[in-house]
Protein chains: 2
Amino acid sequence: MTDAAPRTARARARAELTREIVDTARAHLEAAGAASLSLRAVARDLGMVSSAIYRYFPSRDDLLTHLIIDAYNGLGDAAEVREAAVAREDLLGRWLAVAHACRDWALAHPQEWALVYGSPVPGYAAPEATIGPGTRVSATLLAILADAIGQGVGPDAVPVPRRVARGIRPLREFAGSAVPDAYLVAGVMARTQLFGHIGLELDGQFANTIDDLDAFFDHVMRRTAATLGFA
Amino acid sequence: MTDAAPRTARARARAELTREIVDTARAHLEAAGAASLSLRAVARDLGMVSSAIYRYFPSRDDLLTHLIIDAYNGLGDAAEVREAAVAREDLLGRWLAVAHACRDWALAHPQEWALVYGSPVPGYAAPEATIGPGTRVSATLLAILADAIGQGVGPDAVPVPRRVARGIRPLREFAGSAVPDAYLVAGVMARTQLFGHIGLELDGQFANTIDDLDAFFDHVMRRTAATLGFA
DNA sequence: CCATCGTTGTGAGCACTGCTCTTGACAGAG
DNA sequence: CTCTGTCAAGAGCAGTGCTCACAACGATGG
């Protein structure tokens, strides 16, 4: 995909300008939100004419797609780095690391979070290229759950109705058959708790209700970890 | 607020046209999303000139605010009606009624859901008038939790750290002091599970992962009810 | 009943948007 | 040196939210 080392001067100029466009667009995104991201304003900031942008990105949606992939990767990087710094056998620590990394990243980049997990921009269909980076956090969480099974810990093995078990088949195949259905359900619920909490917090749904959101989030994530059987 | 019976013919025409504008705008909203809601398009559909709309709504944001309040009330109505049809002592039934009512409404009106629970429209600050209707579902859920205490059921009474207990003081005052902190935390987590699940489902985050979302949602909501001590 | 006054619809216009197309200039390859 | 492909520029199209002066109309006081 990304050509490693651009040979000619023109190619290097192109690569650099492409990066500048994306960076400027991201700055505008963080300042004003996705819907008011204006190609013309980005071009103005770069001292070029608006139509020149189209030499680098065929449309505004295409530029947005780049920003979405960047956002997914930024979040994925943050989560993976923080999770990797925790001892492998410390399941609770790894879960909390991912959770806090996601929330910290979301609070630092609210507009980028809204871009990927908020309501989809109308008329915008997520292209194939986004689904890979979009699953990095979930994959990290699934790895923790798999390690938990290796350690013999996990959520209570409540029975899962047959219809539900049948309905989560794609997830089971993705996770590998070693993960029991009840664990998968508990894992999805944990992820929903994590992503849902962050989304509601960014939307201000806890305003006038909870003062100390830092402490509350940590406590909620520990309670969630308990449902997964983590110490 | 709402003048009961408009006397003059002009006042009646005004009320009717106001309703027509809102209805047309909602139709456009459902069809194309909030960001591409165009005052001019609404005016065209109504056979009037765009500037005439401004006799009824001072700005596009103001029209959006009306749609937001309508959406909150539509969701609140749906949830309250379904919940009211369940026997008071059937806590699980009441919880499931609210949960399924919310999801059904969200699936039927995805753009309106995104309008109120999705990423806020940039440059739009939710006015005071929206906070009342915005809490109806949460208030219904809180009533169920309060009734649960009356029945002597509730979540496991795990200790709540002092800092968390201090941070949820506004919520505790809103709920009344009869609800222990651990119950409040469990209730907020249940609401996060409900709203988070619906949001992630509408965003397509369960695509390629879970086939039977109806069955999965029901199971997840039953598991969530179990954390609240509901049979 | 009529004249006045306030409310409403009209259309032009401003500044902005995404996007297209033609034009002219330049860099790199043969 | 020529030729070809890439690039920025600028004009232009269709659309947006919003403002304003003006005209038409209904409600109301004399």
Side-chain angles (χ1 to χ4, degrees), chain A residues 3 5-22 24-25 27-29 31-68 115 120-125 127, chain B residues 3 5-22 24-25 27-29 31-68 115 120-125 127:
Chain A
D3 300 81
R7 312 293 293 167
T8 72
R10 185 135 72 184
R12 268 195 295 120
R14 180 179 184 82
E16 188 165 338
L17 200 46
T18 303
R19 239 180 28 80
E20 276 184 53
I21 292 172
V22 172
T24 308
H28 283 214
L29 169 68
S36 53
L37 200 177
S38 155
L39 278 190
R40 294 179 114 109
V42 170
R44 263 196 302 274
D45 265 25
L46 264 51
M48 64 200 311
V49 111
S50 70
S51 56
I53 301 274
Y54 289 86
R55 296 279 175 197
Y56 298 86
F57 296 93
S59 72
R60 200 191 93 118
D61 277 4
D62 198 80
L63 179 54
L64 270 181
T65 298
H66 271 73
L67 291 175
I68 287 176
L115 189 61
V121 181
Y124 176 83
Chain B
D3 300 83
R7 312 291 295 167
T8 73
R10 184 136 70 186
R12 268 195 295 120
R14 180 178 185 84
E16 188 166 336
L17 231 163
T18 303
R19 237 180 30 80
E20 275 185 53
I21 292 172
V22 172
T24 309
H28 284 213
L29 168 70
S36 54
L37 199 177
S38 154
L39 278 190
R40 295 178 112 109
V42 170
R44 264 196 303 274
D45 265 25
L46 264 51
M48 63 202 310
V49 118
S50 70
S51 54
I53 301 274
Y54 289 86
R55 299 283 179 199
Y56 299 84
F57 296 94
S59 73
R60 201 190 92 118
D61 276 5
D62 198 80
L63 179 54
L64 270 181
T65 299
H66 271 75
L67 292 176
I68 287 176
L115 189 61
V121 181
Y124 176 83

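No experiment lies behind these values; they were computed from the predicted model shown. In what follows, chains are A, B, ... by sequence order, proteins preceding strands, each numbered from 1.
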Short side-chain N/O contact from A/S38 to OP1 or OP2 of C/dG18, under 4.0 Å:
yes
Can you find a pair of side-chain heavy atoms, one from B/M48 and one from B/L17, that are under 4.5 Å apart?
yes
Flag the pair B/H28 / B/D45 as yes when at least one side-chain heavy-atom distance between them is below 4.5 Å, and no otherwise.
yes
Heavy atoms from C-beta onward define the side chain here; which of C/dC19, C/dG13, D/dT19 lies closest to that of B/S51?
D/dT19
Please tell me if the side chains of B/E16 and B/R12 come closer than 4.5 Å, counting only heavy atoms from C-beta onward.
no
Under 4.0 Å, heavy atoms only, any strand: does B/F57 hit a base, just the sugar-phosphate, or nothing?
nothing
A/I21 CD1 to D/dC7 P, in whole Å, measures 11 Å
Residue whose nearest DNA chain C nucleotide is more 5′ - B/S50 or A/P58
B/S50
Side-chain atoms of A/S59 come closest, of C/dC19, D/dC7, C/dT10, to C/dC19
Which nucleotide in the list D/dC18, C/dT10, C/dG28 gets nearest to the side chain of B/L39?
D/dC18
Across the strands shown, which category fits A/L17 at heavy-atom distances under 4.0 angstrom: base, sugar-phosphate, nothing?
sugar-phosphate
Could you check which of D/dG10, C/dG18, C/dG9 has an atom nearest any side-chain atom of B/R55?
C/dG9
Choosing from C/dT17, D/dG17, D/dA27, which nucleotide comes nearest the side chain of B/R10?
D/dA27
How long is the line joining CG of B/L63 and C1' of D/dT16, in whole Å?
15 Å
In whole angstroms, the gap separating C1' of D/dA8 from CG of A/L46 amounts to 13 Å
Between A/R40 and A/M48, which residue's closest nucleotide on DNA chain D lies nearer the 5′ terminus?
A/M48
In whole angstrom, what separates B/I53's CD1 from D/dG17's P?
10 Å
Please report, rounded to the nearest Å, how far the P atom of C/dT8 is from the CZ atom of B/R12.
14 Å
Here the distance between atom P of C/dG18 and atom CG of A/D62, to the nearest Å, is 14 Å
Looking at C/dG9, I'd like to know if its phosphate oxygens (OP1 or OP2) sit under 4.0 Å from a side-chain N or O belonging to B/Y54.
no
Side chain of A/R60 (C-beta onward), nearest among D/dG10, C/dG18, D/dC18
C/dG18
I want to verify a distance call: between D/dA8, C/dT10, C/dG18, whose nearest atom is closest to the B/V49 side chain?
C/dT10
Please report the shortest heavy-atom distance between B/A32 and B/S36, naming the atom on each side.
O-OG, 2.8 Å
How long is the line joining CD of B/E16 and P of C/dT8, in whole Å?
14 Å
What pair of heavy atoms forms the shortest contact from A/R60 to A/A35, and how long is it?
NH1-O, 3.7 Å
Do A/L39 and A/Y54 have side-chain heavy atoms sitting under 4.5 Å apart?
yes
Between B/R44 and B/A9, which has a closest nucleotide on DNA chain D that is more 5'?
B/R44
Euclidean distance, atom NE2 of residue A/H28 to atom P of C/dT17 [Å, nearest integer]:
11 Å
